K.L.:
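Take this structure first; my questions come after.
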Amino acid sequence: MNVLFASSEIYPFSKSGGLADVAHALPRALDGKAQMTVVTPLYRFTDRASLDIVPSGIAFPVAFGGKTYPVTVFESFHTGIRTLLIESMLLSDRDSLYGSYSAGYEDNDLRFAIFCHAVIELAERLAIELLHLNDWHTALAALLAQALPRRPKILFTIHNLAYQGLFPAANLQRLGIEARYFTMEGVEFYGKINLMKAGIAYADWITTVSPTYAQEIRTKTLGFGLEGFLRHHESKLSGVLNGIDVRHFNPQNDPALYALYDAENPGGKQVNKARFLQSIGLDDPLFLDRPLFIFIGRMTIYKGIDLIIEAIKTFCSWPVSFALLGEGESHYHNAFVELAHEHPNIHLQIGYDESLSHRMYAAADFLVMPSLFEACGLNQMIAMRYGTVPIVHKTGGLADSVYDMSRFEEESSCGHGFCFERSETPYLLEAMHRALTLYHDRKLLEATRVSNMRCDVSFAKSAQTYLELYTKLVGQAA
Ligand code: ADP
C-alpha cells in the first residue's frame with residue numbers, strides 16, 4: 001500500500017511540539033507494513049547538511065488564486081524512510097514554523113495552501129493510495145483532492161482542536177477556494193474560513209490521538225465550537241492513542257544524558273539528577289535528597305500554566321526543587337522570571353532545547369502536567385520511559401495513559417502516576433503532596449519507576465490500528 005504522510009513538522013527536520021514527534025515515530029513504525037513516504041515543508045532554519053537533505057530532481061509550479069508559486073522538492077533518508085521536503089519561498093523562508101505565540105504569520109493560510117497543493121501534486125505523481133493528513137496545516141489537501149480523477153483515500157488526524165486555522169473570508173480568493181465550499185457543510189465557520197473543517201468534512205476517516213479526546217471533542221467544553229460538526233461526522237471518527245519513538249527516547253543509549261540506565265540497572269538516574277542539579281547551581285547535597293519536579297512544554301493557557309503559577313508559592317515552600325523548561329506567551333515568561341527570583345529552589349529555562357529536555361526527564365523524580373485538556377500528550381510517556389513519575393490532570397490522552405497510584409499493583413501493571421480530577425489548584429497541590437509522600441517511601445518509589453520504565457509506550461500497538469484503518473479505507477470502493 002502506497003501511503004503519503006503529510007505534516008507541517010517532523011522531528012528532526014522541524015519541531016514545535018508533539019506533532020513532530022508523532023510524524024517522526026508513526027511512519028517509522030508503519031514502514032515495512034505499508035510503503036511510507038513522508039512530506040513536510042523545508043524551512044530555512046532546517047540544517048540541510050546534518051540531515052542529509054539533497055535535491056530530489058522534482059520541481060513544479062503550483063497555481064491557485066490567480067498566482068503561480070514555484071516549488072522545489074528535496075529529499076532525505078536520514079530517519080530511515082523517504083522524507084520529501086517542500087521548498088517554496090513564501091512557505092520556507094521564515095525564522096520559525098508558524099510565527100510568534102501571540103500572533104502567527106499573517107499569511108499562514110497561503111503558506112500552507114502552497115504546501116497542500118504540493119502534497120496533492122506529489123500524491124498524483126507517486127500514485128498514492130492513501131493520504132494521511134495531520135491538523136489544519138494539511139487539511140486543505142482533503143478539499144483539493146475532491147477534484148482529482150484518481151482520488152486517494154484520505155485519513156485526517158486531529159492532534160489539537162484548539163488550533164483550527166481560522167482566516168478572514170476575504171482570503172478565499174487568494175487561497176483559490178471555490179465559493180461552493182464556503183458553506184456550513186464545508187469550510188465556513190461564523191463568517192470565517194476554518195481550514196480544520198476541510199479535513200473533517202472531506203476525509204474518509206478522522207482519528208484523534210486518544211480515545212478519551214475523541215469523546216471530549218464532541219462536547220461543548222472541549223469542542224472549540226466544532227462539537228456539533230464533529231458529532232455530524234462521528235460515524236467516521238475514532239481515537240487511537242499515540243506512542244513515542246522508544247529508540248529516540250531511550251535512557252539506555254541517549255547521548256544527551258550524563259549517565260545511561262534502564263529498568264534493570266536504574267542507578268544512573270541518580271547520577272543524572274546530581275549532575276543536572278549541579279548544572280543549574282543547586283549543588284548543595286540538600287537538594288539531592290529532595291524530590292525534583294519538572295515542567296516541560298509550551299507555556300500557554302492550555303497547558304495549565306495558571307495552575308502552576310497559583311500553586312508554586314505553596315509547593316515551593318515544601319522541601320522540593322522545581323525546574324521548568326518552555327517557551328510561550330510573554331506574560332507567563334514574566335511571571336516565572338519573578339517567581340524564580342523569589343524562590344531559590346525554582347530553576348527556569350525559557351526556550352526550546354531538545355537535549356536539555358532529555359536530561360531533565362532523566363534527572364527528575366516527578367513531571368508536572370496539569371493541562372486543561374490534552375489530545376494525547378507525549379511528555380507523560382517520555383517521563384515514564386525515563387523512570388519519572390507523572391502528575392497529570394485526568395483529561396484526554398493523560399486519562400488514557402496514566403493510571404492513578406491508588407491502583408498500583410507492582411507485578412501486573414504499568415503506567416502509573418498521580419491523576420487529579422479537576423483543573424483547580426487545590427487538586428494539583430493535593431496530587432503533588434501525594435507525590436512528596438511517595439518520594440519518602442523509597443521502596444514503592446523504586447517499584448513505580450521500574451514498572452513505568454517497563455511499560456510499553458511504543459507506537460507498535462497504535463501503528464497496528466492505523467494499518468488496519470489504512471487497509472480498510474484502501475479496500476473500500478471509490
Ligand atoms: P504539545 O501539545 O506541545 O504537542 P506534547 O506533550 O504532545 O505537547 O509534546 C510535547 C513534545 O515537545 C515533547 O517531546 C516535549 O518533550 C517537547 N517539548 C515541549 N517544549 C519543549 C521545550 N521547551 N524544549 C524541548 N522540548 C520541548
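Only a predicted model underlies this, so the values are computations on that prediction, with no experimental measurement involved. For this chain, numbers begin at 1 and follow the sequence in order. When a ligand or atom number is given, it counts from 1 through the structure's own listing order.
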K.L.:
Which atoms of ligand 1 have any heavy atom of Ser357 under 4.0 Å away?
P.N.:
25 (C), 26 (N)

K.L.:
Heavy atom of Gly351 under 4.0 Å from ligand 1?
P.N.:
yes

K.L.:
What atoms of ligand 1 come closer than 4.0 angstrom to any heavy atom of Gly377?
P.N.:
6 (O), 7 (O)

K.L.:
Taking the six-membered ring for Trp, is the centroid-to-centroid distance between Phe373 and His393 below 6.0 Å?
P.N.:
no

K.L.:
Report yes or no: do Trp136 and Ser8 form a side-chain donor-acceptor pair below 3.5 Å?
P.N.:
no

K.L.:
Tell me, please: is Tyr302 in heavy-atom contact with ligand 1, that is, under 4.0 Å?
P.N.:
no

K.L.:
Would you call Lys15 a ligand 1 contact, heavy-atom distance under 4.0 Å?
P.N.:
yes

K.L.:
Is any side-chain heavy atom of Phe336 closer than 4.5 Å to one of Phe295?
P.N.:
no

K.L.:
With heavy atoms under 4.0 Å as the rule, classify the contact between Leu356 and ligand 1 as side chain, backbone, both or neither.
P.N.:
neither

K.L.:
How far apart are the C-alpha atoms of Phe315 and His433, what are their side-chain angles, what is the distance that settles it, and do they pass the ring pair (Phe, Tyr, Trp, His ring centres under 6.0 Å) test?
P.N.:
CA-CA 8 Å; Phe315 77 75; His433 201 265; over 10 Å; no

K.L.:
For atom 24 (N) of ligand 1, grab the closest protein heavy atom and report residue, atom and distance to one decimal in Å.
P.N.:
Asp353 N, 3.1 Å

K.L.:
Measuring from non-hydrogen atoms of Gln380 to any atom of ligand 1, is the shortest distance under 4.0 Å?
P.N.:
no

K.L.:
I want to know whether His132 and Tyr466 have ring centres closer than 6.0 Å.
P.N.:
yes

K.L.:
Any atoms of ligand 1 less than 4.0 Å from a non-hydrogen atom of Gly297? List them with their elements.
P.N.:
19 (C), 20 (N)

K.L.:
Do Asp254 and Tyr386 meet the criterion of a side-chain donor-acceptor pair at a distance under 3.5 Å?
P.N.:
yes

K.L.:
What atoms of ligand 1 come closer than 4.0 angstrom to any heavy atom of Tyr361?
P.N.:
15 (C), 16 (O)

K.L.:
With backbone taken as N, CA, C and O and side chain as the heavy atoms from C-beta onward, which portion of His159 lies under 4.0 Å from ligand 1: side chain, backbone, both, or neither?
P.N.:
neither

K.L.:
Decide yes or no for Glu354 and His248: does some side-chain heavy atom of the first lie under 4.5 Å from some side-chain heavy atom of the second?
P.N.:
yes

K.L.:
Give the numbers and elements of all ligand 1 atoms closer than 4.0 Å to a heavy atom of Asn379.
P.N.:
5 (P), 6 (O), 9 (O), 10 (C), 11 (C), 13 (C), 15 (C)

